[in-house]
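The first residue of the sequence shown is numbered 1, and numbering continues consecutively from there.
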Amino acid sequence: MKLPRSVIERMRAPKGESFNESEPTTAEGYYDRAVSHEESGDRWFSSDLSKAIRFYYRSHVDYLKALKLDPINEDALYNLPRLEYEVYSKYTKEDSVILDDLTNCADVLNDNGKDGLFQDIQGICKHFESSISILQQSGNESLIGYDFYFNIAICYSEYIDILCSNAQNIMEIQHGDELTLSIDRCMQMFLKFFEHIKHIMNSKIGDDSDTIEDIESITNGCIESYRMIATVYESLYSDQLIMFMDGVMGTFVEEVDTIANTLVPIIQNIGLLNTLKISKLNERCSRVLNCDEFLNLWSSHTDFNSNLQKRLMEASSMRSFIDKFEVVSLELPINNKWSILSTMSNQYRSITDIIKREISDIETSKSMESDLLSSKIILMCSIFIERADIELERSLVPITEAISSRTILQNNSKTLLKNALIFSKKSGGIRESIMGKLSRKKRQREAAMRLCLLDGKHQDEWNTIIGEQYWPAELNTISDIEAYKSYFS
């Protein structure tokens with residue numbers, strides 16, 4: 001969609017940002033300038049999203065010009081889709097960024113064609129594939145580094161997540177469709193990554209510092225592999241679907257398990273080791289359909305009970321367990337649903353206490369680490385909102401405990417949303433980035449929109465409380481949440 005000419009003229013980049021250096025004449029010159037622009041974008045991203053994206057745009061243009069002069073420039077072939085993914089992650093996927101709020105960015109925002117900077121995740125996967133194909137066909141496959149394979153695997157993981165969120169794709173899944181082809185390609189890229197990095201590790205025997213770094217890289221590969229596997233299985237709601245997917249992914253899962261098992265004794269970073277173990281546990285739980293077995297599997301690993309990351313992943317896994325049935329209109333037995341929601345409520349209550357202590361410790365220490373405090377505040381807001389949704393959902397379960405406590409649960413929901421509003425207005429510290437501030441504002445809108453619905457406020461009040469340009473997006477998101485659907489009838 002093109003913006004009106006009057007808007008475009010108003011949003012052009014300021015003349016003060018124009019560059020006076022002479023235009024490069026070689027592919028190397030364009031590539032070097034592209035790298036310089038991208039580094040400038042990275043520097044500005046923490047304080048000025050508009051200025052940052054203008055630099056990213058210039059960088060993207062220069063990568064394209066470098067490739068026009070040298071179509072097999074391996075660095076530009078890698079950096080071009082990598083930059084597109086970076087912009088996708090920072091601006092498109094990030095829900096706290098409102099593109100319409102960016103200033104002087106008309107040229108950038110209109111650059112959404114086939115070769116433009118703004119690509120959807122499928123387009124980015126295609127651009128990575130195109131780069132690999134060019135290098136292979138030119139006899140330069142050996143120049144494809146393991147980071148290239150890792151990044152394309154991550155892109156496919158993102159794409160798979162989107163495909164799995166569409167219930168129709170799950171109900172109609174078959175060999176050769178877009179979902180299974182994407183899963184197959186993602187697995188291939190992860191295996192290529194493992195193959196390349198293990199080859200590098202074998203050639204560095206005796207160099208301990210590099211070996212530790214490579215071990216951490218391959219561990220991250222296993223973690224991301226488990227996350228992709230869990231994403232797929234969390235969307236499968238029947239034994240038949242799980243059997244089908246076992247046929248698609250079984251060999252890959254075994255390969256990742258083998259690599260992970262060899263890593264466990266040699267990983268020195270305890271935090272990374274715990275993340276690996278928790279990711280593997282999450283993957284195992286994702287394929288369980290029986291409610292009691294699912295809850296027991298999570299609770300049986302008591303060695304992680306004090307780990308915040310484990311608690312967060314466990315609670316998220318429980319939400320996915322409920323959603324996998326409801327998105328295809330398969331009702332969980334009400335006793336099971338009540339049990340899971342109550343467990344989630346208790347889990348998030350414990351998480352709230354942990355994060356409160358962490359926020360207090362950070363405020364007391366007066367840490368100067370950028371966004372350390374802000375990230376905890378944002379997480380706390382998200383937890384309050386999730387707890388509010390759970391309490392409201394619990395109040396609607398047709399079971400004796402819920403019916404007798406309905407008013408209390410619904411009041412609890414409102415109180416939790418008010419707590420989210422209070423925390424969203426806390427300062428993120430003097431080193432808080434613009435993204436931190438925007439994320440707090442986003443959580444504030446999420447909580448306020450829910451409160452408006454629960455309190456029965458009218459649309460003209462939404463304009464004042466949330467903002468006329470913001471509440472439609474918030475309302476659209478909430479309309480998909482089971483607990484709020486009665487407010488739209």
For E482, the salt bridge (charged side-chain N to carboxylate O under 4.0 Å, His left out) test, sequence neighbours excluded, returns K485
Those residues at least two apart in sequence (or on a different chain) that pass salt bridge (charged side-chain N to carboxylate O under 4.0 Å, His left out) with K93 are E158
Ring centroid separation H175 to F244 under 6.0 Å = yes
Worksheet item: Ring centroid separation for Y149 and F194, is it under 6.0 angstrom?
Response: no
To the nearest 0.5 Å, how far apart are [atom1] in [X] and [atom2] in [Y]?
{"X": "N282", "Y": "T231", "atom1": "CG", "atom2": "OG1", "value": "8.5 Å"}
{"X": "D214", "Y": "K198", "atom1": "CG", "atom2": "NZ", "value": "13.0 Å"}
{"X": "S47", "Y": "M435", "atom1": "OG", "atom2": "CE", "value": "12.5 Å"}
{"X": "E178", "Y": "N166", "atom1": "CD", "atom2": "CG", "value": "12.0 Å"}
{"X": "I170", "Y": "E234", "atom1": "CD1", "atom2": "CD", "value": "11.5 Å"}

Below 30° counts as parallel, above 60° as perpendicular, anything between as tilted: where do the rings of [X] and [Y] land?
{"X": "Y85", "Y": "Y88", "value": "parallel"}
{"X": "W471", "Y": "W462", "value": "perpendicular"}
{"X": "F325", "Y": "F321", "value": "perpendicular"}
{"X": "Y91", "Y": "F45", "value": "perpendicular"}

What is the minimum heavy-atom distance between [X] and [Y], and which atoms define it?
{"X": "D389", "Y": "I481", "answer": "OD2-CD1, 4.0 Å"}
{"X": "S413", "Y": "L392", "answer": "OG-CB, 4.0 Å"}
{"X": "N73", "Y": "L67", "answer": "O-CD2, 3.9 Å"}

(request) List the steps and the verdict of side chain to side chain contact (heavy atoms under 4.5 Å, CB included) for D257 and Y226. (result) CA-CA 9 Å; D257 282 344; Y226 281 133; 2.5 Å; yes
Between S59 and the options L117, L80, L83, the side chain to side chain contact (heavy atoms under 4.5 Å, CB included) test singles out L83
### Query
Does NZ or CZ of R58 lie under 6.0 Å from the centre of the six-membered ring of F55, at an angle within 45° of the ring axis?
yes
_Within 45° cone of Y156 ring axis and under 6.0 Å: R185 NZ or CZ_ = no
Quiz prompt | Any S439 side-chain heavy atom under 4.5 Å of E94 side chain | solution = yes
